[in-house]
Protein chains: 2
Amino acid sequence: MEETKPSRKMFLEIVQELRTLIRNENIRTGEKLPSERVLAERLGAGRSTIREALRSLELLGLIETRRGEGTFLSDYRQHQLVDVLAAFIMQEPKSLEDVRLTMQIHEKDAVQRAAAGPEIRELPLWDSLEAAVSSDRPVRREDIIREILVAAGNRLSLKIWYLLNAYAKTPYEGDAEPPERPVIREMILAIKNGNSAAAADAYTRWAGMVHG
Amino acid sequence: MEETKPSRKMFLEIVQELRTLIRNENIRTGEKLPSERVLAERLGAGRSTIREALRSLELLGLIETRRGEGTFLSDYRQHQLVDVLAAFIMQEPKSLEDVRLTMQIHEKDAVQRAAAGPEIRELPLWDSLEAAVSSDRPVRREDIIREILVAAGNRLSLKIWYLLNAYAKTPYEGDAEPPERPVIREMILAIKNGNSAAAADAYTRWAGMVHG
DNA sequence: CTTAATTTGTCCGTATGTATG
DNA sequence: ACATACATACGGACAAATTAA
């Protein structure tokens with residue numbers, strides 16, 4: 001009989017142990033993980049099993065492996081999973097609708113939160129955003145929203161939004177069209193004035209313009 | 001020279017080829033895929049490489065493997081990817097405050113959404129919830145919130161909330177104390193009346209009572 | 001009930017391409 | 001140029017679980 005795991009699949013255990021290892025060793029994004037052979041010895045598993053776990057995380061875009069160099073903790077924004085998941089899942093309209101709605105939940109909250117606090121709504125960011133949408137230069141919708149989420153300061157919410165955006169990758173592609181610009185400008189002004197309700201209202205109308 | 005692409009990683013090619021194989025063979029959810037050895041021969045790769053691709057898809061929840069039986073195409077509608085991704089998101093210097101705030105984002109949206117749609121706010125659920133908080137019996141805060149999230153109908157949002165709630169531990173543990181009950185009742189009544197703003201306001205006050 | 005065949009689970013050995021010093 | 005370290009990929013071997021004869 002073995003010493004520990006009567007429970008699960010080995011490679012899932014490895015995935016879990018890799019997570020705790022990354023946390024304990026305090027490995028940051030871009031830094032290197034131990035080699036496969038070292039991991040095999042430390043975690044008490046064969047190289048094949050280690051590789052299966054590593055490949056799974058690679059497909060998710062959580063790590064990046066470079067031949068001859070090693071395995072590196074990747075930036076979660078690397079949406080390699082999108083192509084794969086899109087092929088398998090994207091036919092499901094219900095799921096996509098949930099993703100879209102959930103993105104809007106976080107976006108709307110960020111808009112409201114930005115207007116609520118003086119330390120956020122007095123940032124110079126809003127002046128530059130207003131200037132951008134008031135100009136004739138093309139402005140990407142995604143950039144505007146991301147800036148607002150960053151300014152709002154909830155990093156967890158920002159990360160969730162990143163993942164959902166990579167997953168859906170249609171809602172806010174492209175530039176803000178001329179008809180949208182007055183609404184966006186209204187939203188920014190409401191934030192600067194600290195009118196949270198008006199900002200949320202303008203955001204809702206904008207979101208309604210982008211996707212029916 | 002090879003027939004296709006010597007450039008990309010083999011196991012990613014296998015993932016791609018598995019997708020076309022599933023489509024061509026018209027394999028439905030729950031049905032069985034060819035065995036690993038058969039796949040290795042048909043796709044011209046070693047069994048280890050086939051397994052790496054299969055495990056990746058398994059971690060994504062796209063397939064399910066049962067020892068001694070085989071590999072089966074699973075129901076991909078479950079957002080299992082959120083579990084894995086969330087586990088890795090959380091590894092960072094996570095401020096518990098962000099977790100708490102992000103939970104409230106989803107909760108508040110569910111409350112507003114419930115009040116917005118007639119098909120939701122007319123559910124018998126609200127009557128039973130109102131009766132529960134009006135009685136003297138203990139009512140768990142967590143149960144109330146979960147019911148509202150379920151009623152709101154965004155399954156992805158619910159899933160994210162589950163994860164955050166499990167991670168934050170103790171945000172809404174325990175029963176709704178007597179001082180909270182009038183506010184909760186006010187929130188429920190606002191939902192039933194379709195007053196989205198009042199419902200959101202009552203929720204905010206309730207959340208402020210629970211954690212300072 | 002026993003036996004055999006099939007399939008996944010796991011590990012090992014080997015060869016090769018690639019990057020670093 | 002050479003040696004080292006690492007990922008890449010293949011194939012073999014055996015264990016464990018399931019199914020069917």
Side-chain angles (χ1 to χ4, degrees), chain A residues 1-18 21-22 25 27 29-74 78 80 84, chain B residues 1-18 21-22 25 27 29-74 80:
Chain A
M1 61 157 74
E2 284 302 325
E3 70 291 343
T4 44
K5 338 210 165 120
S7 54
R8 288 275 185 70
K9 312 213 167 188
M10 193 65 154
F11 98 101
L12 290 177
E13 297 287 339
I14 299 296
V15 169
Q16 184 76 7
E17 291 184 33
L18 281 174
L21 183 144
I22 289 172
E25 308 269 326
I27 300 176
T29 60
E31 291 183 358
K32 190 170 173 300
L33 272 67
S35 73
E36 294 178 349
R37 288 178 176 80
V38 173
L39 286 175
E41 186 161 356
R42 283 181 55 175
L43 302 182
R47 290 187 281 278
S48 305
T49 308
I50 298 292
R51 279 184 63 81
E52 289 174 6
L54 288 177
R55 299 308 202 118
S56 302
L57 297 179
E58 183 178 3
L59 186 65
L60 280 169
L62 295 173
I63 62 172
E64 181 184 355
T65 57
R66 293 195 286 269
R67 192 179 210 169
E69 294 185 62
T71 307
F72 301 86
L73 192 59
S74 166
Q78 237 68 27
Q80 192 143 28
V84 186
Chain B
M1 62 164 68
E2 283 302 323
E3 68 289 344
T4 47
K5 313 169 183 175
S7 55
R8 298 187 45 171
K9 308 211 170 188
M10 193 64 138
F11 97 101
L12 290 177
E13 296 291 335
I14 299 297
V15 168
Q16 184 76 7
E17 291 184 32
L18 281 174
L21 185 144
I22 289 172
E25 307 269 327
I27 300 176
T29 59
E31 292 183 359
K32 191 171 173 298
L33 271 67
S35 74
E36 295 177 349
R37 289 183 174 80
V38 173
L39 286 175
E41 187 162 357
R42 283 181 55 177
L43 302 183
R47 190 161 89 98
S48 306
T49 308
I50 298 292
R51 279 183 63 82
E52 289 175 5
L54 287 176
R55 299 335 265 286
S56 302
L57 296 178
E58 183 178 3
L59 187 65
L60 281 169
L62 296 174
I63 62 173
E64 181 184 356
T65 59
R66 293 195 286 269
R67 188 183 216 169
E69 295 185 60
T71 306
F72 302 86
L73 193 60
S74 82
Q80 183 169 346

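Small disclaimer: the values here were computed from a predicted structure and weren't measured. Throughout, a chain's letter reflects where its sequence line sits, starting with A, and its residues are numbered from 1.
Using a 4.0 Å heavy-atom cutoff across all strands shown, A:R66 reaches sugar-phosphate atoms only and no base atom. Note on A:A45: only backbone sugar-phosphate atoms sit closer than 4.0 angstrom, heavy atoms only; bases stay farther off.
Every residue two or more places apart in sequence or in another chain that forms a side chain to side chain donor-acceptor pair (under 3.5 Å) with B:T65 is listed here: A:K9, B:E58. Checked against side chain to side chain donor-acceptor pair (under 3.5 Å), A:T71 has no partners two or more places apart in sequence or in another chain. With sequence neighbours left out, the side chain to side chain donor-acceptor pair (under 3.5 Å) criterion links B:R67 to no other residue. In terms of the side chain to side chain donor-acceptor pair (under 3.5 Å) criterion, residue partners of A:E25 (sequence neighbours excluded) are, by chain and number, A:R42.
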Enumerate donor-acceptor pairs with a distance under 3.5 Å from any side-chain N or O in residues 30-38 of chain A to protein atoms, sequence neighbours excluded.
unit_1	atom_1	unit_2	atom_2	d
A:E31	OE1	A:R28	N	3.1
A:S35	OG	A:V38	N	3.3
A:E36	OE1	A:R51	NH1	3.4
A:E36	OE2	A:R51	NH1	2.9

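Across the protein-nucleic acid pair, B:I14 atom CD1 and D:dT8 atom P stand 14 Å apart, rounded to whole Å. D:dG12 atom C1' lies 14 Å from atom CZ of B:R51, rounded to whole Å. If you take CD1 of B:I50 and P of D:dT8, they are 16 Å apart, rounded to a whole angstrom. For A:E58 and D:dT8, the CD to P distance is 6 Å, given to the nearest whole Å. When rounded to the nearest whole Å, the span between NZ of B:K9 and C1' of C:dT16 equals 16 Å. Put simply, NZ on A:K32 is 15 Å from P on C:dA19, counting in whole angstrom units. Summarising the geometry, the separation between CZ on A:F11 and P on C:dT8 is reported as 14 Å, rounded to the nearest angstrom. The interatomic distance linking B:L43 (CG) with D:dA9 (P) rounds to 14 Å, in whole Å.
Taking every side-chain heavy atom of A:S48 into account, C:dC11 is the closest of D:dT8, C:dC11, D:dC10. Listed nucleotides: D:dA7, D:dT8, C:dG9. Nearest to the side chain of A:S35: D:dA7. Each of C:dT10, D:dC10, D:dT8 was ranked by its minimum atom distance to the side chain of A:E36; first place goes to D:dT8.
Each of A:T49 and B:V38 has a nearest nucleotide on DNA chain C; the 5'-most of these lies closest to B:V38.
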Please produce a list of atom pairs where a protein N or O lies less than 3.5 Å from an N or O of nucleotides 14-17 of chain D.
unit_1	atom_1	unit_2	atom_2	d
D:dA16	O4'	B:R67	NH2	3.3

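Dashed line: the shortest gap from a side-chain N or O of B:T65 to OP1 or OP2 of C:dT7 is not under 4.0 Å.
Summarising the geometry, atom CD1 belonging to A:I63 is positioned 7.5 Å from atom CD1 belonging to A:I22; distances are rounded to the nearest 0.5 Å.
With a cut-off of 3.5 Å on both Watson-Crick or G-U wobble distances, the partner of D:dA1 is given as none.
Residues B:G44 and B:M10 share a closest heavy-atom pair of O-CE, 4.1 Å.
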